[in-house]
Amino acid sequence: MSCLALVPAAGGGSRMGAERPKQYLPLAGQPLIRHALATLCAVPAIERVYVVLAPDDHYWRDGDFADLAAKLRVLRCGGATRAESVGNGLKAMAGEVAEDDWVLVHDAARACLTVAQVEALIGAVGDDPVGGILAVPVADTLKREERGRIAATVVRDGLWQAQTPQMFRHGLLSEALEFTPGVTDEAGAIEALGLHPRLVAGDAGNFKITYPLDLYLAEIILRHGGRRGEQ
Ligand code: CTP
Ligand code: MG
């Protein structure tokens, strides 16, 4: 049984509001997308890293990914939604993977991912029959809004924020996404089959770069390298 990574990177980055898709903005001296790809390629247990680009992407070729070439595979099959990009990627890689191979789906926009976090996920999921995801317990008090006012305080107990990588077997995940295509993460599709993915505690450093402030925070984290005593 092998581990592969699949990185959806076909989004437009509308909330970032930049002149190009956020995955190609400069971050700590490299295109943003390169950080997560390099981290995934550096995990010994991961055999190949597939990146899903938009079919009309014209930014990728400006980057230098030569040092990642041994593991990196480029798929130009992005779709209109993240789930579609992932589904298309799973189909495109199907000829090179077994049904029970693990696929770690990771957002290109989570640039601060560390090798230690990926290894913690792989270790905790082990040979779990369902799979699992990195996530962090919700720290803030949560409010439900109605017409600009607080309607209720939502009990925080047991609530987690889902991150990526999300790790499932190729066969099960392909089937799940075909069955429930309108999900915002892979776990959502697996849950719709009545299954319960494992929650593996990560940390807040693996946040998704969405708004301009996130870019600034990621720059600080990456420039300080070796954060939390890891590489
Ligand atoms: N993604 C994708 N295909 C899409 C939409 C998103 O591959 N049609 C990817 C993004 O490139 C990103 C990841 O899914 O790496 C998470 O999506 P998100 O952070 O929402 O990125 P965007 O959709 O690009 O940003 P926004 O929602 O602000 O437009
Ligand atoms: Mg989006």
Does one hydrophobic cluster hold both F179 and V86, with members joined at side-chain heavy-atom distances below 4.5 Å?
-> yes
I190 versus L173: any side-chain heavy-atom pair under 4.5 Å?
-> yes
Drop me the distance from D128's CG to F168's CZ, to the nearest 0.5 angstrom.
-> 9.0 Å
Answer yes or no: is there a donor N or O on one side and an acceptor on the other, between the side chain of H170 and the main chain of L90, under 3.5 Å?
-> yes
More than 12 foreign heavy atoms under 6.0 Å from CG of L213: is that the case here?
-> yes
Might you confirm whether atom CG of D62 has over 12 heavy atoms from other residues, nucleotides or ligands at distances under 6.0 Å?
-> yes
Say whether, by atom type as modelled, one donor and one acceptor occur between the side chain of E119 and the main chain of A116 under 3.5 angstrom.
-> no
How about I122 and M167: do any of their side-chain heavy atoms sit closer than 4.5 Å?
-> yes
Atom pair CD1/CD1 of I209 and I33 - distance to nearest 0.5 Å | 11.5 Å
Mind checking the CG-CG spacing from L199 to L134? Nearest 0.5 Å is all I need.
-> 10.0 Å
Work out which heavy atom in V105 is nearest to a heavy atom in R82; give both atom names and the distance.
-> CG1-NH2, 3.8 Å
So, D56 and R76, do they make that salt bridge, N to O below 4.0 Å?
-> no
Which heavy-atom pair separates P197 from E191 by the least distance, and what is that distance?
-> CD-CG, 3.9 Å
Would you sort out whether L37 and V51 count as a side-chain contact (heavy atoms from CB on, under 4.5 Å), showing the intermediate values?
-> CA-CA 8 Å; L37 294 177; V51 58; 4.1 Å; yes
Decide yes or no for T210 and M16: does some side-chain heavy atom of the first lie under 4.5 Å from some side-chain heavy atom of the second?
-> no
So, D57 versus Y24: side-chain donor-acceptor pair below 3.5 Å or not?
-> yes
Say you draw a straight line from SG of C77 to NZ of K91; how long is it, rounded to the nearest 0.5 Å?
-> 9.5 Å
Check: A28 main-chain N/O paired with E219 side-chain donor or acceptor under 3.5 Å = yes
To the nearest 0.5 Å, what is the distance between CG (L4) and CG (L104)?
-> 9.0 Å
Applying side-chain contact (heavy atoms from CB on, under 4.5 Å), run through T114 and N206 and close with a yes or a no.
-> CA-CA 8 Å; T114 65; N206 182 28; over 6 Å; no
Could you tell me whether K208 and D107 have a side-chain N and a carboxylate O separated by less than 4.0 Å?
-> no
Between I220, I221, L222, which is the residue that forms a side chain to side chain contact (heavy atoms under 4.5 Å, CB included) with H224?
-> I220
Using the rule that two of Ile, Leu, Val, Met, Phe, Trp, Tyr join whenever any of their side-chain heavy atoms come within less than 4.5 Å, decide whether L25 and Y216 are in one cluster.
-> yes
A187 backbone acceptor or donor facing Q166 side chain under 3.5 Å | yes
Using modelled atom types only, decide if a donor and an acceptor are shared between the side chain of Q163 and the backbone of D203 within a distance under 3.5 Å.
-> yes
Backbone N or O of A80 within a donor-acceptor pair of the E84 side chain at under 3.5 Å?
-> yes
Between R34 and D67, is there a side-chain N and carboxylate O pair less than 4.0 Å apart?
-> yes
Are any non-hydrogen side-chain atoms of I46 and V118 less than 4.5 angstrom apart?
-> yes
What are the two closest non-hydrogen atoms of A66 and D64, and how far apart are they?
-> N-OD1, 3.1 Å
Shortest non-hydrogen pair, V154 vs K143, comes out as CG2-C, 4.4 Å
Is there a path from L6 to L53 through hydrophobic residues (I, L, V, M, F, W, Y) whose side chains come within less than 4.5 Å of each other?
-> no
Nearest heavy-atom approach of C112 to G205 is CB-O, 3.2 Å
The single option from R73, E96, K71 that satisfies side-chain hydrogen bond (donor to acceptor under 3.5 Å, both in side chains) with Y50 is E96
Determine whether V125 and V130 make a side-chain contact, defined as any pair of heavy atoms from C-beta on separated by less than 4.5 Å.
-> no
Could you walk me through whether Q23 and Y59 pass the side-chain hydrogen bond (donor to acceptor under 3.5 Å, both in side chains) test, one step at a time?
-> CA-CA 9 Å; Q23 57 272 31; Y59 295 101; over 6 Å; no
Which distance, rounded to the nearest 0.5 Å, do you find between the CG of L75 and the CG of N88?
-> 9.5 Å
Identify the two heavy atoms, one from R110 and one from A36, that lie closest to each other, and give their separation to 0.1 Å.
-> O-CB, 3.8 Å
Mind checking whether F207 and L159 sit in one hydrophobic cluster, side chains of I, L, V, M, F, W, Y counted as touching below 4.5 Å?
-> no
L113 reachable from I133 in the ILVMFWY side-chain graph, under 4.5 Å edges | no
Under a 4.5 Å cut-off applied to non-hydrogen side-chain atoms, are C3 and E47 in contact?
-> no
Salt-bridge test for R169 and E175: reply yes if a basic N is under 4.0 Å from a carboxylate O, no otherwise.
-> no
